[in-house]
Amino acid sequence: MRLTELAKGVAAIVDHVTDQHSADAVAARLRDLGFVPGEPVRVVAAAPWGGDPIVVQIGSTRFALRRAEAQRVMLQAAQGGVA
């Protein structure tokens with residue numbers, strides 16, 4: 001599942017960040033910010049009607065991401081469901 005598909009308030013675990021092309025600077029920056037395998041993540045808020053941005057929490061830090069950026073983050077289901 002992609003981060004953009006995660007429902008608000010539902011916990012998940014980062015599986016990996018997908019590079020859209022070689023030397024993908026956005027994917028590298030997401031990994032630098034903490035979107036690394038095993039990190040817990042959840043969507044805190046989202047713009048209405050599927051717009052930008054979405055606010056996600058990774059660990060104890062919140063980020064506002066464009067949907068095009070969040071599409072790169074692949075998830076796996078978290079144990080226990082809602083965070």
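The residues of the chain are indexed from 1 along the displayed sequence. Note that the structure is a prediction, hence the values are computed from the model and not measured.
Heavy-atom minimum distance, A46 versus R67: CB-NH2, 3.9 Å. Among all heavy-atom pairs drawn from Q57 and V44, the shortest one is CB-CG2, 3.8 Å.
The NE2 atom of H16 lies 14.0 Å from the CZ atom of F35; values are rounded to the nearest 0.5 Å. Distance check: Q71 CD to T4 OG1 gives 3.5 Å after rounding to the nearest 0.5 Å. Interatomic distance, CG of L75 versus CD of E5, reported as 8.5 Å (0.5 Å rounding). Between the CG atom in L65 and the CD1 atom in I54 there is a gap of 6.0 Å [rounded to 0.5 Å]. Taking CD from E69 and CD from Q20, the interatomic distance works out to 10.5 Å, rounded to the nearest 0.5 Å.
Following chains of ILVMFWY side-chain contacts shorter than 4.5 Å, one can reach L33 starting from L3, so the two form part of one hydrophobic cluster. No continuous path of ILVMFWY side-chain contacts below 4.5 Å connects M74 to L6, so the two sit in separate hydrophobic clusters. Cluster annotation: M1 is connected to V56 through the hydrophobic network of ILVMFWY side chains, with a link wherever side-chain heavy atoms come within less than 4.5 Å. Residues I13 and V17 do not share a hydrophobic cluster, clusters being chains of Ile/Leu/Val/Met/Phe/Trp/Tyr side chains in contact below 4.5 Å.
Comment: D19 does not engage R72 in a salt bridge, judged by the lack of any side-chain N to carboxylate O separation of less than 4.0 angstrom.
In this structure, the side chain of R62 does not engage the main chain of V55 through any donor-acceptor pair within 3.5 Å.
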Legend entry - Audit row: V10, V43, side chain to side chain contact (heavy atoms under 4.5 Å, CB included) steps and yes/no: CA-CA 7 Å; V10 176; V43 174; over 6 Å; no
Inset, instruction - Could you check L30 against V73 for side chain to side chain contact (heavy atoms under 4.5 Å, CB included), going step by step and ending with a plain yes or no? - result: CA-CA 8 Å; L30 288 169; V73 181; 4.1 Å; yes
